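Quick note: numbers below take in every heavy atom, side chains included, and nothing from hydrogens, waters or symmetry partners. The structure presented is a predicted model; accordingly, all values stated were derived computationally and were not measured. Numbering of residues begins at 1 and proceeds along the displayed sequence.
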Amino acid sequence: GRGFAFRRKQKIERQYRRLLKKRKQVHSQQDDQFTDTYPEHLKHLYLAEEEKLKKRRRTPDDSGSSEEKLNKAADGCGIYGYVCLMIISVSRMCTFPSRSVVTQEKFKNKTSNQKAKEEYEKIKAERARKKEEAEKRKQQREEAQRLYKKKKMEAYKILSKKTKKGQPNLNLQVEFLLQKIQQNT
């Protein structure tokens, strides 16, 4: 398993990252982190895109320091930085008519916030449906209990009737049993 040595290694890595952060030299190991977690059927696409972005970063741009700053910012952000860089570079290269195509593609691909909202709405609808079902079951149960108590009370009234002398009225009890037998058959 992961024992004390693993925890010690993690602690040392954390301390090292803190030290680099203090020196404003963020170490970018995030490129290697994400390659193992790609889905198998899409792995080749992610790797090809990553290679393309690495080549694009290596080639010197004559546009100036703003792109270098973006590249440095993207180093700390990992894959998400690459995606941001790609979107910015595409939007700079595109002319006005093709920008509408890019924006349409953005709206087709949902952001994490939109996905989270949709997930929240699904959960909310599911909870509302479950609550409604529970309320329905509760009302049915209450109705069944009310009918049961009513029937029980009628049976009690019939069976507890007495004659003038205080004896149980056997005629009513026999009639009640006869009705019960007829209902069952």
Rounded at 0.5 Å granularity, tell me how far [atom1] in [X] sits from [atom2] in [Y].
X: Y156; Y: M153; atom1: OH; atom2: CE; result: 8.0 Å
X: Q139; Y: R141; atom1: CD; atom2: CZ; result: 10.5 Å
X: K149; Y: E154; atom1: NZ; atom2: CD; result: 15.0 Å

Checklist entry - So with a 6.0 Å cut-off around NZ of K162, is the heavy-atom count from everything else above 12? => result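 Yes - once you tally the heavy atoms of other residues, nucleotides and ligands closer than 6.0 Å, there are more than 12.
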Checklist entry - Would you say E132 has more than 12 foreign heavy atoms packed within less than 6.0 Å of its CD? => result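 Counting other residues, nucleotides and ligands, CD of E132 stays at 12 neighbours or fewer.
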Item to check | K164: partners by side chain to side chain contact (heavy atoms under 4.5 Å, CB included), with sequence neighbours left out | outcome: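 Side chain to side chain contact (heavy atoms under 4.5 Å, CB included) check on K164 returns nothing, list empty.
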Item to check | Residues in side chain to side chain contact (heavy atoms under 4.5 Å, CB included) contact with Q10, at least two apart in sequence or another chain | outcome: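 Residues passing side chain to side chain contact (heavy atoms under 4.5 Å, CB included) with Q10: F6, R14.
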N/O donor to acceptor pairs below 3.5 angstrom from side-chain atoms of residues 168-182, sequence neighbours left out:
residue, atom, partner, partner atom, Å
N169, OD1, N171, N, 3.3
Q173, NE2, L159, O, 3.4

Checklist entry - Under the salt bridge (Lys or Arg N to Asp or Glu O under 4.0 Å) criterion, do E51 and K55 qualify, and how do the steps go? => result CA-CA 6 Å; E51 287 299 317; K55 286 177 186 175; 5.7 Å; no
Item to check | K115 vs E119, salt bridge (Lys or Arg N to Asp or Glu O under 4.0 Å): CA-CA, chis, key distance, verdict | outcome: CA-CA 6 Å; K115 288 178 186 175; E119 190 69 26; over 6 Å; no
Checklist entry - Among all residues two or more places apart in sequence or in another chain, which pass the side-chain hydrogen bond (donor to acceptor under 3.5 Å, both in side chains) test with E118? => result K110
Checklist entry - Side chain of Q114, backbone of T111: donor and acceptor closer than 3.5 Å? => result yes
Check residues 122-130 and write down every donor-acceptor pair under 3.5 Å in which the side-chain atom is one partner and the other belongs to a residue at least two apart or another chain.
residue, atom, partner, partner atom, Å
E126, OE1, R129, NH2, 3.3
E126, OE2, R129, NH2, 2.3
R129, NH1, E133, OE2, 2.7

Next on the checklist: R146: which residues meet the salt bridge (charged side-chain N to carboxylate O under 4.0 Å, His left out) condition with it, sequence neighbours left out?
Outcome noted: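 Result, salt bridge (charged side-chain N to carboxylate O under 4.0 Å, His left out) vs R146: E143.
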